[in-house]
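A quick write-up on the structure given underneath.
The figures here come from the full heavy-atom set of this structure, side chains too, leaving out hydrogens, waters and symmetry mates.
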Amino acid sequence: MEDQKPDDFKRELGLLDGTMLVVGSMIGSGIFIVSSDMVRQLGSAGWLIAMWVLTGAITVIAAVSYGELSAMFPKAGGQYVYIKEAYGKLVGFLYGWSFFAVIQTGTIAAVGVAFAKFAAYLYAPLSDKNILYEIGDFKLNAAQIVSIFTIILLSYINSRGVKNSKILQTVLTVIKILSLAGLIIFGFMAAKAEVWDANWTNAWTSQTLNVETGSWLPISGTALISGISAALVGSMFSSVAWEGVTFIAGEIKNPKRNVGLSLFLGTLIVSVIYILANIMYLAVVPLYDIATAESDRVAVVASQSIFGSVGTLIIAVMIMISTFACNNGLIMAGARVYYTMAQDGVFFKKAAELNHASVPAWSIWAQCIWASALCLTGKYGDLLDFVVIIVLIFYILTILGIFILRKKMPNVERPYKAFGYPFLPALYLIIATAICIALLYTKTSTSGWGVLIMLIGIPVYYLTKAKE
């Protein structure tokens, strides 16, 4: 492997590729699943749509705010670079550490497992109930093998150069957008007036579902705040990973313009699709059935009432395409962060090398191994809670970084300024901080672990720094 210079990245990605990477990385399995739990938490059509609109609004605000940073630092590493420039190497390392330990690899593992879960619909032996090997408490099932296989396959494709992964990403994402749009349109055509009217009768009555008795309990005050924060985990998790395009800025043509624009277009497209998909669910599935969908697969229930028995297979294929494209984007983007960290001397030296295809292959394979290990733990469900709190903390720090860098680097060229500065970035900071506090308060066990994993990075930083 040749030790090439960082400017050997090839600029092969245009605005369409960047936008498709944002859309493809954001739409995974969440939109097909999380609305079920959101309805259990809040129990009404109005609250469900309000959560998705709130998530969409703050996601687009965050994305357009990142545009200023992406135009200032149009190079590989994206968010890691912005955090390091604003706060210094330690906080930059903590982001990279959390990113490798949980954020990116945990998300890759969870998305891989979602792929396997729906592959089992088409071929039952691929299910997690098919135990292949047992030793002590550890059980290896077929779904874990399938998820690891897809992660290895996509890592291999990505290690062969950015062109192959770019074509795969764009084609699969276009298929994904068209199939989701088709599901929404057919859903509206099959809408039932009585279901819609019943769902919107008490649109703002907040209530939670007692799963054991199947009855609704009214909630207000602290219980309502708990319900809102629990519901937001679902919509927020479905709306992360858009910043992936900033990591590959070194391979984007005209990055000062195209990174910010693809962030805006990508997040806007996804937010609109998500809101329409949920309105469609409410048009075809009674609220109680959304809340009690088997394994939370609300899209399957909706699809069955639109297409009949073949609906399940349609959704299974859609989710397999969706999660496959999602992981391709995550794998492509993630490796560029470790590459940039290694360039700064805060990650394994090998990660700073590019292979003959001008991609950081060592980083791709290191990420592949750890994400595969997380698939084997079977604890990826908990990882999602860990992921959301850490992602939010670093979104907050990055957007706060816009204010810091305006003071710290007033004369640096800013081809693009954060939209609505200082009001919209400040609004994002207030809302996201409130969500973080609510999460730590209501989901202390899982969110607390997330914060702990992040803080473990501090001693690691000083131990590795001493060896330089």
Side-chain angles (χ1 to χ4, degrees), residues 27-53 55-56 114-124 127 175-205 207-211 213-216 231 234-235 237-238 270-323:
I27 304 176
S29 53
I31 186 57
F32 302 100
I33 297 168
V34 298
S35 297
S36 184
D37 184 58
M38 291 169 76
V39 171
R40 281 201 297 277
Q41 302 293 345
L42 293 170
S44 80
W47 278 104
L48 175 69
I49 300 303
M51 293 302 102
W52 285 102
V53 170
T55 301
F115 175 90
K117 187 188 283 191
F118 286 89
Y121 260 151
L122 305 183
Y123 185 61
S127 136
I175 293 171
K176 175 164 31 177
I177 293 170
L178 291 176
S179 56
L180 255 169
L183 180 67
I184 291 166
I185 291 162
F186 281 113
F188 285 134
M189 285 163 63
K192 304 178 181 84
E194 66 278 12
V195 171
W196 177 259
D197 294 343
N199 283 347
W200 286 95
T201 303
N202 297 310
W204 297 101
T205 305
Q207 50 190 1
T208 184
L209 183 68
N210 182 327
V211 184
T213 63
S215 58
W216 295 99
S235 54
F237 180 73
S238 307
V270 173
S271 299
V272 169
I273 288 173
Y274 281 179
I275 293 164
L276 288 174
N278 279 280
I279 293 170
M280 181 274 291
Y281 292 155
L282 292 167
V284 292
V285 186
L287 213 55
Y288 184 80
D289 293 354
I290 294 177
T292 54
E294 189 190 344
S295 300
D296 286 358
R297 291 188 284 245
V298 60
V300 171
V301 179
S303 190
Q304 281 165 342
S305 54
I306 300 165
F307 303 111
S309 55
V310 74
T312 311
L313 297 179
I314 291 171
I315 290 290
V317 172
M318 270 177 69
I319 294 182
M320 286 170 71
I321 292 168
S322 182
T323 47

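Taking CD1 from Ile314 and OG from Ser303, the interatomic distance works out to 5.0 Å, rounded to the nearest 0.5 Å. Once rounded to the nearest 0.5 Å, the distance linking OG of Ser35 with CG of Leu282 reads 8.5 Å. Atoms CD1 and OG, from Ile31 and Ser238 in turn, are 6.0 Å apart once rounded to the nearest 0.5 Å. Within the model, atoms OH of Tyr281 and CG of Leu287 stand 14.0 Å from one another, a figure rounded to the nearest 0.5 Å.
Checked against side-chain hydrogen bond (donor to acceptor under 3.5 Å, both in side chains), Thr55 has the following partners two or more places apart in sequence or in another chain: Ser235. The side chain to side chain contact (heavy atoms under 4.5 Å, CB included) search around Ala114 returns Ser29, Thr323, not counting sequence neighbours. Partners of Arg40 by salt bridge (Lys or Arg N to Asp or Glu O under 4.0 Å), not counting sequence neighbours, listed by chain and number: Asp37, Asp296. In this view, Val195 and Lys192, Asn199, Pro286 satisfy the side chain to side chain contact (heavy atoms under 4.5 Å, CB included) rule, not counting sequence neighbours. With sequence neighbours left out, the ring pair (Phe, Tyr, Trp, His ring centres under 6.0 Å) criterion links Tyr274 to Trp52. The ring pair (Phe, Tyr, Trp, His ring centres under 6.0 Å) test applied to Tyr121 returns Phe118, not counting sequence neighbours. Judged as a side chain to side chain contact (heavy atoms under 4.5 Å, CB included), and not counting sequence neighbours, the contacts of Thr205 are Asn202, Gln207. For Ser309, the side chain to side chain contact (heavy atoms under 4.5 Å, CB included) criterion is met by no residue, not counting sequence neighbours.
What you find for Ser305 and Val284 is that their closest heavy atoms are OG-O, 3.7 Å. Of all heavy-atom pairs spanning Gly43 and Trp216, the tightest one is CA-CZ3, 3.4 Å. In plain terms, the two heavy atoms of Ala302 and Val285 that are nearest each other are CA-CG2, 3.6 Å. Listed here is the closest heavy atom pair of Trp196 and Ala283: CE3-CA, 3.7 Å. Counting all heavy atoms, side chain and backbone alike, Ala293 lies closest to Val301 at CB-CG2, 3.7 Å.
Within the structure, the salt bridge (charged side-chain N to carboxylate O under 4.0 Å, His left out) test picks out no pair touching residues 273-292 (sequence neighbours left out).
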For Leu209 and Tyr288: C-alpha separation, side-chain torsions, deciding distance, then whether side chain to side chain contact (heavy atoms under 4.5 Å, CB included) applies. CA-CA 9 Å; Leu209 183 68; Tyr288 184 80; 3.9 Å; yes

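Using a 4.5 Å heavy-atom threshold, the side chains of Leu313 and Val317 count as separate. Residues Met38 and Asn278 fail the side-chain proximity criterion, which asks for heavy atoms closer than 4.5 Å. Looking at Leu42 and Leu48, their side chains never come closer than 4.5 Å, going by heavy atoms from C-beta outward. The closest side-chain heavy-atom distance from Arg297 to Ile319 is not below 4.5 Å.
A distance-only check finds no donor-acceptor pair linking the side chain of Ser36 to the backbone of Ile33 [under 3.5 Å].
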What side-chain donor-acceptor pairs closer than 3.5 Å can you find for residues 176-186, not counting sequence neighbours?
unit_1, atom_1, unit_2, atom_2, d
Lys176, NZ, Gly24, O, 3.1
Lys176, NZ, Ile27, O, 2.5
Lys176, NZ, Ser322, O, 3.0
Ser179, OG, Ile175, O, 2.9
Ser179, OG, Lys176, O, 3.0

